Amino acid sequence: MDGNVYDELKERGFVAQVSDEGAVRRMLGGNAAAFYVGFDSTAASLHAGSLVPIMAMVHLRRAGHRAIAVVGGGTTMVGDPSGRTEMRRLLDEATIRAQGQAIHIQLARYLRFDGVGAIAVDNADWLLPLKYVEFLRDIGRHFSVNRMLAAEAYRLRLEKGLSFIEFNYQLLQAYDYLTLFRKYNCTLQMGGDDQWGNILAGVDLIRRVEGAAVEALTFPLLTTASGAKMGKTAQGAVWLDAGRFGPYEFYQYWVDCDDRDVGRFLRMFTLLPLDEVRRLESLRGSELNEAKRVLAFEATKITHGELEAERARQAAAAAFGKAVPVSGSAEAEAEAAGDVTALPTTAVPRSRLEAGIAPAGLFTEVGLTPSRKEAKRMIEQGGLYVNDERVDSTERLITLEDLGPDGGLLLKAGKKKVHRVVAG
RNA sequence: GGGCAGGUUCCAGAGUGGCCAAAUGGGACGGGCUGUAAACCCGUUGCGGAAACGCUUCGGAGGUUCGAAUCCUUCCCUGCCCA
């Protein structure tokens, strides 16, 4: 890898704030600097928003630096108030531990923990055994309540209420940094921009206690062009766990992105060379869909593997190929053929299809509609399709006759949500 | 611990005994236009039912009443002021 990874991070849009740009650049231009990012175990799976720190870690690791992923088994016990308008629900220890393990496994896919280039640690290991009074005297005395209260992160919470437990979060995170500095000579902590205050608290603490200069870097908090939080859809989070959010849905999440986000996303969520990114984002009009497909394929490949990415692409081609005017190239023709079997599929007993199934029931059963009521509403509005034919009545039963030569039939709710049904 | 103000449907926020499944706005969803985009226009937005209608919901639990989101009791939670 030529050039300085810091520059690459910056070009790709990963840098929001840095403590000392020159120092960070020097550090990352050298070799094998240890850096860390924390992931709190607030859920059993990470979501697309976490891909920002993950991808940044991947870049640094590839450049030969040492990645430390901190699973926040200890900090999650307390709950970070940053960027929240109200207190998090406190989770019990067993839940946190289980979720932390799940997150660890997910992170391993991207970072391949080998104990050298990438390691994973759990801050519960050093936070849980802490002695309260000792901690207050050794660490607590370095923190100024005045300064903490003045921080932007707490301002909103001072209006809405902030409990003492949350107020301690920053101390724990700072202590994490100190611990990692001592143990691994970790000299860079990265995190979301809402973590800036917490990270700087660690930088300060290390300077006061150890007299050493360490650095901080934050990533921009991504929102989509339409203002939604990165990795959230109206239906819920875009989980990285294939069991919660399948590769096909994951692929579609990226294809569905706003035109204005394509370049940004290609830079951050794929490893494509920047020249290629620039070429793709310069496409105009409907050609930009090609860039979205590349984005979706590359991003899916990183999270779910090349095989699943390919299957997702085939499935998308099958579901949307017909509707898209084929551009003429041989490759586009082949893609348009698609492969329906890779679509999310549900098997329904043959006998039920013989009897005929009411559409509202079937659509709801496979999860395309949240309730029969909603399904009926959509039928009234012309939003449900069987084999690309609009369902114009709730009386229109779905039967064996709807099965195609491949033994399946295609249900669509709206233009984008697709599900395949087979007899079985 | 004392005083005050609150907890409403995805969110914000009306409602203060029947006309309330609950105004309005946002969001979301469907349709139209498109490029699986944005913007815009139209429609929908608790569940079940073809419908009539029924059922569940306004912090929790009880109660008053023919009838409660609305009144009473009690509990839980939140904010503000005082300690």
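As a basis for the values below, the full set of heavy atoms in this structure was taken, side chains included, without hydrogen atoms, waters or symmetry mates. Quick caveat, the model's predicted, so the values are computed rather than measured. Naming: A, B, ... by sequence-line order, numbering from 1 per chain.
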Exercise. Does U36(B) have OP1 or OP2 sitting under 4.0 Å from an N or O in the side chain of Tyr248(A)?
Worked result: no
For this session: Starting from P on G30(B), measure out to NZ on Lys416(A) and report it in whole angstrom.
Result: 9 Å
Exercise. Does a donor on one side chain sit under 3.5 Å from an acceptor on the other, for His419(A) and Thr345(A)?
Worked result: no
For this session: May I have the distance from Gln381(A) (atom CD) to C41(B) (atom P), rounded to whole angstrom?
Result: 17 Å
For this session: Please confirm whether Lys412(A) makes a cation-pi placement over Phe320(A), using NZ or CZ under 6.0 Å from the six-membered ring centre and within 45° of the ring normal.
Result: yes
Exercise. Leu158(A) near the nucleic acid: base, sugar-phosphate alone, or nothing, with a heavy-atom cut-off under 4.0 Å?
Worked result: sugar-phosphate
For this session: Flag the pair Phe245(A) / His47(A) as yes when their ring centroid distance falls below 6.0 Å, and as no otherwise.
Result: no
Exercise. According to the interplanar angle, ranging from 0 to 90°, do the rings of Phe167(A) and Phe164(A) count as parallel (below 30°), tilted (30 to 60°) or perpendicular (above 60°)?
Worked result: tilted
Exercise. What do you reckon, are the aromatic ring centroids of Phe250(A) and Trp239(A) less than 6.0 Å apart?
Worked result: no
Exercise. Across the strands shown, which category fits Asp258(A) at heavy-atom distances under 4.0 angstrom: base, sugar-phosphate, nothing?
Worked result: sugar-phosphate
For this session: Round to a whole Å and report the spacing from CG of Leu283(A) to P of A37(B).
Result: 17 Å
Exercise. How would you label the contact of Tyr253(A) with the nucleic acid (heavy atoms, under 4.0 Å): base, sugar-phosphate, or nothing?
Worked result: nothing
Problem set entry | Spacing of the C1' atoms in C47(B) and C81(B) (rounded, Å) | 44 Å
For this session: Respond yes when some side-chain nitrogen or oxygen of Arg293(A) is under 4.0 Å from OP1 or OP2 of A37(B), and no when none is.
Result: no
Problem set entry | Identity of whatever pairs with A23(B) - Watson-Crick or G-U, under 3.5 angstrom | none
Exercise. Expressed in whole Å, how much space separates the P atoms belonging to A21(B) and A69(B)?
Worked result: 9 Å
For this session: Rounded off to whole Å, could you give me the CG-to-P distance for the Leu288(A) and U36(B) pair?
Result: 12 Å
Exercise. For Gly382(A), which contact category applies under a 4.0 Å heavy-atom criterion: base, sugar-phosphate, or nothing?
Worked result: sugar-phosphate
Seminar exercise, completed: Between CD of Gln252(A) and P of G35(B) the distance, given in whole Å, is 18 Å
Seminar exercise, completed: By the Watson-Crick or G-U definition, both distances under 3.5 Å, A14(B) is matched with none
For this session: Starting at the 5' end of nucleotides 45-55 of chain B, put B wherever the base has a protein heavy atom under 4.0 Å, S where only the sugar-phosphate does, and a dash everywhere else.
Result: S-SBBS-----
Problem set entry | Atom-pair distance (CG on Leu162(A); P on G79(B)), nearest Å | 9 Å
For this session: Find out whether the Lys NZ or Arg CZ of Arg25(A) is both under 6.0 angstrom from the six-membered ring centre of Tyr6(A) and within 45° of the ring's axis.
Result: no
Exercise. Where the side chain of Val255(A) is defined as all heavy atoms beyond and including C-beta, which of A37(B), U36(B), G30(B) is the nearest nucleotide?
Worked result: U36(B)
Problem set entry | Backbone of Arg390(A) reached by a side-chain donor or acceptor of Arg396(A) within 3.5 Å | no
For this session: Assign Arg284(A) to base, sugar-phosphate, or nothing according to its heavy-atom contacts below 4.0 angstrom with the strands shown.
Result: nothing
